[in-house]
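Proteins get letters first, then strands, A, B, ... in listed order; numbering begins at 1 in each.
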2 protein chains.
Amino acid sequence: MTQTHEALRLLRSQSLSSVVQDEIEQRILSGAIAAGARINENGLASELGVSRGPIREACRGLVEMGLLTVIVNRGFFVREVTRKDAIDVYDVRSSLMRLAGETLAGQISDSQLGTLEKLVADMDLAENENDFENFYALNREFHDRIVDFAENDRLRALCEGLVKELHLYRRRSLLQGGGLNVSNHEHKEIVEALRSHDPTRAGAALERHIQAGKKRFLAAAEIE
Amino acid sequence: MTQTHEALRLLRSQSLSSVVQDEIEQRILSGAIAAGARINENGLASELGVSRGPIREACRGLVEMGLLTVIVNRGFFVREVTRKDAIDVYDVRSSLMRLAGETLAGQISDSQLGTLEKLVADMDLAENENDFENFYALNREFHDRIVDFAENDRLRALCEGLVKELHLYRRRSLLQGGGLNVSNHEHKEIVEALRSHDPTRAGAALERHIQAGKKRFLAAAEIE
DNA sequence: TTATTGTAAATTGTCAACAATTTGCAATAT
DNA sequence: ATATTGCAAATTGTTGACAATTTACAATAA
């Protein structure tokens, strides 16, 4: 009975809509619901054991997040991110990561530098062991931490959204798992720049890094 | 009867939810609904002549846009943008406008330069006549055009959202009407930089311009 | 006076049902 | 064979109703 108790406790702090929204988001990003596919409100409602109300509310939120599009009288569809969209997103993201670097360089603490260094070291290990999955997770945390440390809530929210949007494209192409040949050397450069507390240098290092990622991504997308 | 006909035609291309969403957004940005105020679903529903369903769907969208927040069992509230929030948004916006400048410098056409020059000239006129309202409108179009011309859809959408968010804060303080002492000189510098097709110079000019706006804004907010 | 408790009203969260629209598909015509 | 027409089923858009929760406020106690 602890399960229903848990469920009830959850509903006092979260509405069904937000739980459903997270669930649908998960399914979209994992690829369980394909790009371009329609969200079947009835089907999803009965599968999740809720009515269509929360489903539709969740979908409205996901539309504003850029994960769904809506066509009147036809329904909600998983957004199809074009190559041009992905390029646009990469450019915006590189610009924002540059801001993160510029901001962070002037305020980063030794303990924060330590955290980043640890992540880079772990990535070295993962790289040597060809543990791509772990490398990917560490890489993602590395970027997340940099944004977190910059302490700009809007920046954090936007970066989070951009990464999700890229996933919407990425999962079609190989990417992530494949490692995309991310060089840990760039990460070391970034940490060095941050340690020097030079905003311009740190911003440039991060911008270069994302732009390099964009190039790798485009090269990989070319193949498919 | 042409009115109901119009209304019906509209509903075939737009859902009630999106119409309601625009309406609520308008009320928030105009200040008709105060920051921190709760959205009364029943009240708004009967006032707009719709049921609570579309109202709630619209609110979910506005939450994701950052104009509303939601508290379980308490409802939707107009977001209260703090001074720190505003600073964060300005920093993000200056970074994105820099990207717009960098992008645009390499691809701007003579006709587009002409459009921007015309706007600057009109602003000169409005400035001389102390027509603050017109100056504000022209100033806004100037920035919108620059973003449009950069042809990055994500950038455009994000900038639009950031401007709305700033309005949420600014409308309390004086803002716009007060003119905030925006110097047209900075605009001329921006156009010159774009004409030189130098990405770095154009990006820097725009970043400086928004940062200057941030300073003016903070100084004005200090007074209140 | 100030806190506390209890109850009624207001409000939100969710659901089920109905009307309007779209989709699927067979029957028909070209 | 291809296009067109005409239903029937599926699906979306919207509504009204009901349960759960919060808010407002009067009655009571300290």
Side-chain angles (χ1 to χ4, degrees), chain A residues 1 3-25 27-28 33-34 36-64 67-79, chain B residues 1 3-25 27-28 33-34 36-64 67-79:
Chain A
M1 282 306 112
Q3 195 145 12
T4 58
H5 183 267
E6 264 302 297
L8 283 178
R9 196 186 56 75
L10 192 70
L11 271 193
R12 268 192 257 289
S13 60
Q14 295 212 331
S15 70
L16 261 190
S17 302
S18 65
V19 175
V20 169
Q21 181 167 336
D22 290 345
E23 174 65 27
I24 299 179
E25 178 185 319
R27 293 191 182 198
I28 291 172
I33 308 181
R38 200 190 79 239
I39 302 291
N40 188 323
E41 298 176 13
N42 276 316
L44 207 56
S46 60
E47 184 184 347
L48 299 181
V50 300
S51 72
R52 283 173 55 224
I55 302 274
R56 287 180 60 86
E57 286 186 23
C59 286
R60 290 283 171 196
L62 291 168
V63 166
E64 223 61 41
L67 294 187
L68 294 179
T69 57
V70 55
I71 304 178
V72 188
N73 286 325
R74 303 261 323 270
F76 298 94
F77 297 82
V78 177
R79 171 145 166 258
Chain B
M1 285 306 107
Q3 197 145 9
T4 58
H5 183 268
E6 265 302 298
L8 284 178
R9 196 185 56 76
L10 192 70
L11 270 193
R12 268 191 256 290
S13 59
Q14 294 213 330
S15 71
L16 260 190
S17 303
S18 64
V19 175
V20 169
Q21 181 166 337
D22 289 346
E23 173 65 25
I24 299 179
E25 178 185 318
R27 292 189 183 201
I28 292 172
I33 308 180
R38 201 192 78 239
I39 301 292
N40 187 323
E41 298 175 13
N42 276 316
L44 208 57
S46 60
E47 184 183 347
L48 298 180
V50 301
S51 70
R52 281 174 56 224
I55 301 274
R56 287 180 60 86
E57 286 186 23
C59 286
R60 289 284 170 196
L62 291 168
V63 166
E64 223 60 43
L67 294 187
L68 294 179
T69 56
V70 56
I71 304 178
V72 188
N73 286 325
R74 303 260 324 270
F76 298 94
F77 297 82
V78 178
R79 172 146 166 256

J.: So which nucleotide from D:dT15, C:dT22, C:dT14 ends up closest to the side chain of B:Ser51?
T.: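 The answer is D:dT15, which lies nearest to the side chain.
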J.: It should be established whether A:Arg38 places a side-chain nitrogen or oxygen under 4.0 Å from OP1 or OP2 of nucleotide D:dT12.
T.: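 Yes, A:Arg38 has a side-chain N/O under 4.0 Å of OP1/OP2 on D:dT12.
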J.: Below the 4.0 Å mark, does D:dT23 have OP1 or OP2 next to a side-chain nitrogen or oxygen of B:Arg74?
T.: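 It does, given that an N or O in the side chain of B:Arg74 lies less than 4.0 Å from OP1 or OP2 of D:dT23.
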J.: Taking all non-hydrogen atoms of both residues, which atom of B:Gly36 and which atom of B:Phe77 are closest, and how far apart?
T.: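 So the minimum-distance heavy-atom pair works out to O-CD2, 3.7 Å.
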J.: A:Glu41 CD to C:dT21 P: how many Å, rounded?
T.: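 In whole Å, C:dT21 P and A:Glu41 CD are 17 Å from each other.
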J.: Hey, is the side chain of A:Arg56 poking within less than 4.0 Å of OP1 or OP2 on D:dG13, counting only N and O atoms?
T.: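 Yes, because at least one side-chain N or O of A:Arg56 sits under 4.0 Å from OP1 or OP2 of D:dG13.
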J.: Rounded to the nearest angstrom, tell me the gap between atom CG in A:Asn42 and atom P in D:dT12.
T.: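 The distance from CG of A:Asn42 to P of D:dT12 comes to 6 Å, rounded to the nearest Å.
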J.: Out of A:Ile39, A:Val70, A:Val20, which one pairs with A:Cys59 under the side chain to side chain contact (heavy atoms under 4.5 Å, CB included) rule?
T.: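 Filter result, single survivor: A:Ile39.
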J.: Go through C:dT14, D:dT14, D:dG13 for me and flag the one nearest to the A:Pro54 side chain.
T.: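 In terms of side-chain proximity for A:Pro54, the closest of C:dT14, D:dT14, D:dG13 is C:dT14.
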J.: Classify the nucleic acid contact of A:Gly53 as base, sugar-phosphate or nothing, counting any heavy atom under 4.0 Å across all strands shown.
T.: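 Nothing: the residue A:Gly53, judged by heavy atoms under 4.0 Å, touches no strand.
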J.: I'd like to know if B:Arg52 reaches the base of C:dG13 with its side chain, counting only an N/O donor and acceptor under 3.5 Å.
T.: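 Such a pair is found, so the answer is yes.
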J.: Could you state the atom-to-atom distance from CD1 of B:Ile71 to C1' of D:dT21 in whole Å?
T.: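 Answer to the nearest Å: 14 Å.
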J.: Expressed in angstrom and rounded to an integer, what is the separation of B:Leu48 atom CG from D:dT15 atom P?
T.: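 Distance, rounded to whole Å: 11 Å.
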J.: Under 4.0 Å from OP1 or OP2 of D:dT11: is there any side-chain N or O of A:Asn40 that close?
T.: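 Checking A:Asn40 against D:dT11: at least one side-chain N or O falls below 4.0 Å of OP1 or OP2.
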J.: Rounded to the nearest Å, what distance is computed from the CG atom of residue B:Asn73 to the C1' atom of nucleotide D:dA19?
T.: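 Rounding to the nearest Å, CG of B:Asn73 and C1' of D:dA19 are 12 Å apart.
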J.: Looking only at heavy atoms, what is the nearest atom pair of A:Val72 and B:Ser15, with distance?
T.: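 Nearest pair, atom of A:Val72 first, then B:Ser15: CG2-N, 4.0 Å.
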J.: Nearest-Å distance, CZ (A:Phe77) to C1' (D:dT11)?
T.: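 My rounded result for the distance is 11 Å.
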J.: Take atom CD1 of B:Ile55 and atom C1' of D:dT15, then tell me their distance rounded to the nearest Å.
T.: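 Rounded to the whole Å, the gap is 13 Å.
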J.: Mind checking if B:Ile39 touches a base, just sugar-phosphate, or nothing, with heavy atoms under 4.0 Å?
T.: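 Sugar-phosphate, no base atom in range.
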J.: Looking at A:Pro54 and A:Ser17, what are the two nearest heavy atoms and their distance?
T.: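 Looks like CA-OG, 3.6 Å.
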J.: Strictly below 4.0 Å, N to O, side chains only: are A:Glu23 and A:Arg27 in salt-bridge contact?
T.: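 Salt bridge: yes.
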J.: Find the distance A:Leu16:CG to C:dA16:P and express it as a whole number of Å.
T.: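 In whole Å, C:dA16 P lies 12 Å from A:Leu16 CG.
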